[in-house]
Amino acid sequence: MDFGSINPILLLASLMVAATPLLLAAIGELVVERAGVLNLGVEGMMITGAICGFAIAVNTGSPIVGLVAAAAGGAALSLLFAVLTQFALANQVASGLSLTLFGLGLSALLGQGYQGIKPPPFPRVDIPLLSDIPVLGPILFRHDIVVYFGLALVAAVWWVLKNTRAGLILRAVGENHDAAHALGYKVVRIRILAIMFGGACAGLGGAYISLIRVPQWTEGMTAGIGWIALALVVFASWKPWRVMLGAYLFGGITVLQLNLQAAGVAIPVEYLAMSPYLITILVLVIMSADKSRAPAALGRSFHASQ
Amino acid sequence: MKFTKLLATAAIALGLAGTAMAQDKTKVGFVYVGPVGDGGWTYEHNQGRLAVEEHFGDAVETVFVESVPEGPDAERVMTQMALDGASLIFTTSFGYMDPTINVAKKFPDVKFEHATGYKRADNVSTYSARFYEGRAIQGHIAGKMTESNIVGYIGSYPIPEVIRGINSAFIHARKANPDVQFKIVWAYTWFDPAKEADAAKVLIEQGADVILQHTDSTAPQAAAQSAGNVITFGQASDMSEYAPRPRVSSIIDNWAPYYIARTQAVIDGTWESTDTWDGIGPGMVGIGEITDAVPEDVKAEALALKDAIANGEYHPFTGPLNKQDGSAWLADGETADDGTLLGMNFYVEGIEGDIPQ
């Protein structure tokens, strides 16, 4: 056993990388659910974003264009869900589940011929001066741009939901769509926009895995992150900062358990492997003991005539 | 009731007709654990399949199913292949062992070939390659090349095949460099690029400057490349797209000659249940080009080691060797027998950590 070989600075730095896909997908789903829509298709949108981003990045040679394409791909797939649930008034749970299955199949089809290819490398931003600060520099200021984008997105979502008129309307739609409709807000239009935002975020999260974290394309490579994102939103009581905490906790313990293994800690590997899930759930359950609750209209269909 | 009976009869008749028609061409099935584009293990099995197609031309038809999970799904896939008239089925992963035996019982006329397992039957052969011979050469290069004296090893599952590789690499790394240490991470997967990449990054963060992998994707190679000063070895396939650095050499599985010989045996009706375990000498294990990133003298030593193993002068498990707990295993000059190697469930002396049970 040799804890000395675990470098805490590198551990914290890789924590931020490991948490980013989860953070992006979860913050998108949070906005969707605050608008009163339950989209269980996060995994499907992530994997679709992963292959869209990968394919476009390989073909154009630009990882940035790839990321944009990934967001577009995720949003396009979520539009399918929006049509089913907002116009056809289909059951949201069933539509979301089928979206995941559809996304996994579609991505495998699109991915034919992209296996074993190297994507163009993603530029790493070394923020001058800041990245040279001892300890904090390597942890905080030597990442790729998407890591910072994820953080900025959390802050933006929090601010918009709490302090702006648009956020108020979105929450009103999620809490009581009949009242929002009576006040003259376009419930369906607002929900479609929220669903597309969630799809774009999930797609971006998927592309982060295929373009930056691995970087490679393989079928089913998101490996259940979308489901964890869904659970995270619930356990975080639909609050942006708690989503971030949960994502970092999960990412951190995932990386830590590999570190402990490599350091030869005598805990059976199976316990280490399940620890990220257990600890994340435990912490967030304890935190959600306050009075927060789900958006009142979550999962309910809306039609102006009803 | 009558209607379903009629349908069932029709289905059986169709099935029989299908089998009868397939007799003209010998149908050979392959069950893969990963996608054919993994660039490693499954890729090489698929190269073997393509070689069979090329060798026999129209006389043989091959079918394959990729990314088949080890477990009940595998049994379904094999049953379907047998029902579709395959007369020879290669099941190419350790975890297919029991499914292969189960399905083989139901289809006594179909020949099965299971890779890397140890259970045989009248219509089930096993075959594997002595990858540990290649691991010895990797271990030597790793021991000579490491500057941090820490070698990272990404294990898949704690099965004899993988433990044998770890031991062989460690013995030869220690011979080349008495200070070398191994850090071992178990990924519990054969193929999961995200997990393999994470494991490689963790090992690099903990000071490893050589990464050996017993998983099938090229993700650890990519991780090593972005880390910079780290070397790796291609696993199962050459992975030459990462040469000359980080990939400095590789173990290449060459299944084509075996697959062609076994298919020929089925066509001739001379197929018998056998146990094949070939190494560098017969060519089932190839050593990929050692790149210029390796110093000349180390390269020469590695090649000499390869030749000595190939012509049988040297066995990678030659005593004196102790087990991890310090108890004697092989006396001076004694070599390990195949039975011990096939069931290997212990580390040799000097490796730290426990094998997960």
Side-chain angles (χ1 to χ4, degrees), chain A residues 1-14 17-18 21 50 108 111-119 121-122 124 138 208-210 212-225 251 254-273, chain B residues 34-40 42-43 66-67 69 148 150 152-155 157-158 181-189 191-208 211 216-223 225-227 237 239 241-242 351-357:
Chain A
M1 205 183 293
D2 178 20
F3 289 107
S5 59
I6 301 176
N7 183 335
I9 294 174
L10 290 174
L11 180 69
L12 286 170
S14 49
V17 172
Q112 298 289 335
Y114 285 102
Q115 281 163 342
I117 295 179
K118 275 195 273 182
F122 201 82
R124 189 176 292 243
Y208 188 79
I209 300 178
S210 67
I212 302 173
R213 185 155 162 227
V214 173
Q216 213 177 53
W217 163 252
T218 43
E219 282 173 31
M221 69 183 305
T222 46
I225 297 278
T254 307
V255 179
L256 181 66
Q257 69 97 355
L258 285 170
N259 266 289
L260 288 174
Q261 255 203 67
V265 174
I267 305 170
V269 176
E270 294 81 355
Y271 291 117
L272 288 174
Chain B
V36 294
D38 69 351
T42 297
Y43 175 81
E66 56 185 343
S67 300
S148 63
I150 297 172
Y153 205 112
I154 305 170
Y157 296 94
Q181 281 195 333
F182 270 34
K183 280 186 187 292
I184 301 159
V185 168
W186 296 98
Y188 282 93
T189 177
F191 184 75
D192 179 346
K195 207 177 235 172
E196 294 171 48
D198 282 350
K201 282 178 200 162
V202 161
L203 289 166
I204 293 166
E205 281 169 15
Q206 295 208 5
I211 301 285
D216 301 342
S217 88
T218 51
Q221 314 274 334
Q225 193 165 43
S226 63
S237 186
M239 301 189 178
E241 64 269 33
Y242 290 94
I351 300 183
E352 285 173 15
D354 297 315
I355 300 172
Q357 296 300 330

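Just so we're on the same page: letters track the sequence lines, and every chain starts at 1. Computation of the quantities below employed the complete heavy-atom set of this structure, encompassing side-chain atoms and omitting hydrogens, waters and symmetry-equivalent molecules.
Here the OG1-CG distance, from T218(A) to D192(B), works out to 7.0 Å after rounding to the nearest 0.5 Å. I9(A) CD1 to E205(B) CD: the interatomic distance, rounded to the nearest 0.5 Å, is 11.5 Å.
Taking every heavy atom of both residues into account, A262(A) and V202(B) meet most closely at CB-CG1, 4.1 Å. Among all heavy-atom pairs drawn from A222(B) and V214(A), the shortest one is CB-O, 4.0 Å. Nearest heavy atom pair, residue A263(A) against residue Q206(B), reads N-OE1, 3.7 Å.
In this structure, chain A has a heavy atom under 4.5 Å from the backbone of I184(B), while its side chain stays farther away. Neither the backbone nor the side chain of F182(B) comes within less than 4.5 Å of any heavy atom in chain A. If you measure heavy-atom distances from L11(A) to chain B, the contacts under 4.5 Å come from the backbone alone. In this structure, the portions of P193(B) lying under 4.5 Å from any heavy atom of chain A include both its backbone and its side chain.
Contact tally against chain A (heavy-atom pairs below 4.5 Å) for G353(B), A197(B), A219(B): the top residue is A219(B).
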TODO: Start with the C-alpha distance between Q225(B) and K118(A), add both sets of side-chain angles, then the distance that settles side-chain contact (heavy atoms from CB on, under 4.5 Å), and finish with yes or no.
DONE: CA-CA 12 Å; Q225(B) 193 165 43; K118(A) 275 195 273 182; 3.8 Å; yes

- [ ] Check step by step if side-chain contact (heavy atoms from CB on, under 4.5 Å) holds for K201(B) and R213(A).
- [x] CA-CA 10 Å; K201(B) 282 178 200 162; R213(A) 185 155 162 227; 4.0 Å; yes

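The side chain to side chain donor-acceptor pair (under 3.5 Å) test applied to Y153(B) returns R135(B), not counting sequence neighbours. A search for side chain to side chain donor-acceptor pair (under 3.5 Å) contacts involving Y157(B) returns nothing, not counting sequence neighbours.
The neighbour count for Y43(B) OH, taken as heavy atoms of other residues, nucleotides or ligands under 6.0 Å away, does not exceed 12.
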